[in-house]
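Everything below concerns the one structure shown next.
Note that the structure is a prediction, hence the values are computed from the model and not measured.
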Amino acid sequence: MPRDILIVGAGIAGLASAIAISDELSSFIPNLNISVYDGASESTTSGGAISLTPVAQRYLDELGILSELNQMGDRAGIEVDAIDLFSVRAGRRLGPLRFTDENGNGYGGYKGRRVLRSALSEAMLAVARNLPNVSVHYDMKLVGGSTTAENVSLQFEDGSTVTGDLVLGCDGVHSATRTKIVDPGNRSEYTGISFIQSMTDTRSLTTPMPFNQTAVHLARHSSLLTSYCDPKHEKLFVAAIVRVSELLIEKYQTMPGTDVSVQNNMRMSMRYLVRAQFGMSCLPYIREIIDRTENWMLYPVYQVRQRGKWHTDKILLLGDAAHAMPPRDESAAYAVEDAIIFAKLLAQNPDTPLPRLFEEYEDLRRGLVNKAFDASRRLWQSDLDKGLFPGQTRDLMSPVHLPPNSCVGKRATQPTTKTKLPAPTHESFSDLSVYSLTSDLGRTADATNGD
């Protein structure tokens, strides 16, 4: 049983892994030590707002993170009962996609949630740092690693080295753990789609909004997401999902090192791209949002090559580092589920060698991930071929139900065994049905209104 566990990445997958492993192992490994290393500064607030599906909220609740988030007042975000769909050009409402049943109850007791990524990170960090055997270290950029029969070592850019019994690579789609150690050459691939996003203060807007929580505005070649992030409805997250060339992305990524005029030109380009897609909408509130919103940020959507290598003898990839998929925003649920499942396997198999344990984990996860990857890629490519983006709604916030009697996390009512690990859930409800619904609505709007 590993006692010194090193985790690369302090994002959702990394912090969820630290918390889940501490919950599962602390009772019988008193000298357990879990160290999390991240290359970024702790003070970063990038990333805008994130959508949490019902299943993601359930997992976060099992780890004690949701209760911490709920204590953060307005920064806890808002629950989402439904997503309202609108046609950009026709200017009419197409219908709602609900996160509740006919009685207004959430799936498995949970609805959707829109929350600032920085707030979710703060809540997860608070839970992790409250555990006596977890430490989190920032400004630690991974540059390499090596493995012996006894341990595994990581090297960082500042020249420091750490040694442990097990490494979990949770450092996201551009994972250094993957590209430098586990699967060199398996670099992330740009999907051709980007989010151009920003935040707007609604107190500066004069046009009434016809949605209560979240709306997706469908156009032929793009989609615009607008979602409140606080119960007072003062912060509006705005994200245009558009095609952006790799050349523009390269220029944007080098922008911090350029002079002010170049940076201003790039910001104008971002604003122009959004205006070109949505500035002529028949919906007056959309036109005002586009006119008033500034400081647009570009977030390209990347994926990791399917069926790549997930582990070596003492290193395992989790979350987007292993399986970032074509555009979909359920990665939070997949990442936390990865963490919970591996922590349970680790606790249930204290005498199993790590390579065999990694194989058991992969047997549990690989089939689900491959099936979800194939479905997402097939449906996404279908959208692109048609010149339509209705599937964006599914990928942004598709409701997913929990199976009856699922046994997930420390609050599960039934004892956990190998046969009672979390069942596949991400494909079992609404991925295809929501896609089908939005596709029909998109085709209807296209046929009747020229949208």
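- Contact detail for Ala13 and Leu318: the closest heavy-atom pair is CB-O, 4.5 Å.
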For Arg305 and Glu189: C-alpha separation, side-chain torsions, deciding distance, then whether salt bridge (charged side-chain N to carboxylate O under 4.0 Å, His left out) applies.
CA-CA 7 Å; Arg305 187 179 70 239; Glu189 303 168 345; 5.4 Å; no
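- Considering only heavy atoms from C-beta on, Ile196 stays 4.5 Å or farther from Val238 through its side chain.
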Mind running side-chain contact (heavy atoms from CB on, under 4.5 Å) on Met140 and Ser160 for me, showing each step along the way?
CA-CA 9 Å; Met140 301 290 288; Ser160 62; 3.5 Å; yes
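- Without hydrogens or angle criteria, Asn130 side chain to Ala126 main chain gives no donor-acceptor distance under 3.5 Å.
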Check against salt bridge (charged side-chain N to carboxylate O under 4.0 Å, His left out), Asp230 and Lys235:
CA-CA 6 Å; Asp230 65 312; Lys235 296 178 181 178; over 6 Å; no
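- Annotation for Val336 and Ile12: closest pair CG2-CG2, 3.6 Å, computed over non-hydrogen atoms.
- There is a side-chain donor-acceptor pair under 3.5 Å between Tyr361 and Asp338.
- With rounding to the nearest 0.5 Å, the separation of CD in Glu122 from CG in Leu116 is 10.5 Å.
- Using a distance-only test at 3.5 Å, with no hydrogens or angles considered, a donor-acceptor pair links the side chain of Thr191 to the main chain of Ile193.
- A donor-acceptor contact shorter than 3.5 Å is absent between the side chain of Glu68 and the backbone of Val127.
- One side chain, Ser22 or Asn133, offers a donor N or O that lies under 3.5 Å from an acceptor on the other.
- Counting non-hydrogen atoms of neighbouring residues, nucleotides and ligands closer than 6.0 angstrom, the CZ atom of Arg129 exceeds 12 such neighbours.
- Side chains of Leu166 and Leu6 form no contact here, defined as non-hydrogen atoms less than 4.5 Å apart.
- Atom OG of residue Ser17 and atom CG of residue Leu168 lie 5.5 Å apart, to the nearest 0.5 angstrom.
- Across all their heavy atoms, Ser223 and Val216 have their closest contact at CB-CG1, 4.3 Å.
- Of the possible polar contacts, one joining the Asn349 side chain to the Leu345 backbone as a donor-acceptor pair under 3.5 Å is found.
- Proximity of Leu125 to Leu15: side-chain heavy atoms (C-beta onward) are separated by under 4.5 Å at one or more points.
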Check step by step if side-chain contact (heavy atoms from CB on, under 4.5 Å) holds for Leu357 and Leu346.
CA-CA 7 Å; Leu357 194 66; Leu346 196 59; 3.4 Å; yes
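- Residues Ile289 and Thr226 are in side-chain contact: their nearest non-hydrogen atoms beyond the backbone lie under 4.5 Å apart.
- Counting only N and O atoms by type, the side chains of Glu337 and Tyr59 include a donor and acceptor under 3.5 Å apart.
- Tyr37 has its side chain out of reach of Tyr138: every pair of non-hydrogen atoms, C-beta onward, lies at least 4.5 Å apart.
- Looking at Asn70 and Ser67, their side chains never bring a donor and an acceptor atom within 3.5 Å of each other.
- Annotation: side chain to side chain donor-acceptor pair (under 3.5 Å) contacts of Ser188 (sequence neighbours excluded): His174.
- Under 3.5 Å, the side chains of Thr163 and Ser153 contain a donor-acceptor pair of N or O atoms.
- Distance alone, capped at 3.5 Å, places no donor-acceptor pair between the Arg365 side chain and the Phe342 backbone.
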Yes or no on side-chain contact (heavy atoms from CB on, under 4.5 Å) for Arg307 and Asn370, after CA distance, side-chain angles and deciding distance?
CA-CA 7 Å; Arg307 297 176 174 87; Asn370 284 343; 3.7 Å; yes
Could you go step by step and tell me if Arg366 and Trp310 meet the side-chain contact (heavy atoms from CB on, under 4.5 Å) rule?
CA-CA 10 Å; Arg366 180 72 80 165; Trp310 283 7; 3.4 Å; yes
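- In Tyr190, the OH atom is crowded: over 12 heavy atoms of neighbouring residues, nucleotides or ligands sit closer than 6.0 Å.
- Electrostatic pairing of Asp291 and Arg275 counts as a salt bridge here, judged by a charged N lying under 4.0 Å from a carboxylate O.
- The OG1 atom of Thr352 sits 11.0 Å away from the CD atom of Glu359 when rounded to the nearest 0.5 Å.
- In this structure, Asp38 CG and Cys170 SG are separated by 10.5 Å, a value rounded to the nearest 0.5 Å.
- A salt bridge links Arg58 to Glu62: at least one charged side-chain nitrogen sits closer than 4.0 Å to a carboxylate oxygen.
- A salt bridge links Lys111 to Asp81: at least one charged side-chain nitrogen sits closer than 4.0 Å to a carboxylate oxygen.
- A pairwise comparison of heavy atoms in Asn186 and Gly308 identifies ND2-CA, 4.0 Å as the closest pair.
- You'll find the side chain of Ile19 stays beyond 4.5 Å of the side chain of Val134, heavy atoms only.
- By the 30° and 60° cut-offs, the orientation of the rings of Phe211 relative to His217 is perpendicular.
- Closest of all the heavy-atom pairs between Phe86 and Ala215 is CE1-CB, 3.8 Å.
- Of the possible polar contacts, none joining the Ser175 side chain to the Asp171 backbone as a donor-acceptor pair under 3.5 Å is found.
- Counting only distance, with no hydrogens or angles, the side chain of Ser198 and the backbone of Thr293 share no donor-acceptor pair below 3.5 Å.
- Heavy-atom minimum distance, Pro2 versus Ile29: O-CD1, 4.1 Å.
- Residues Leu120 and Leu52 meet the side-chain proximity criterion, which asks for heavy atoms closer than 4.5 Å.
- Between Pro300 and Val244 there is no side-chain heavy-atom pair separated by less than 4.5 Å.
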Go through it in stages, so that I can follow the logic: the residues are Asp313 and Thr147, the test is side-chain hydrogen bond (donor to acceptor under 3.5 Å, both in side chains), and I'd like the CA-CA distance, side-chain angles, deciding distance and then a yes or no.
CA-CA 8 Å; Asp313 287 348; Thr147 303; over 6 Å; no
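- A donor-acceptor pair under 3.5 Å is formed between the side chain of Arg114 and the backbone N or O of Ala49.
- Note that the CD1 atom of Ile78 and the CZ atom of Arg113 stand 10.0 Å from one another [nearest 0.5 Å].
- Distance alone, capped at 3.5 Å, is enough to place a donor-acceptor pair between the Arg178 side chain and the Ala321 backbone.
- Atom CZ of Phe156 is separated from atom NE2 of His137 by 9.0 Å, given to the nearest 0.5 angstrom.
- Asp165 places a side-chain N or O within donor-acceptor distance of the main-chain N or O of Arg3, the cut-off being under 3.5 Å.
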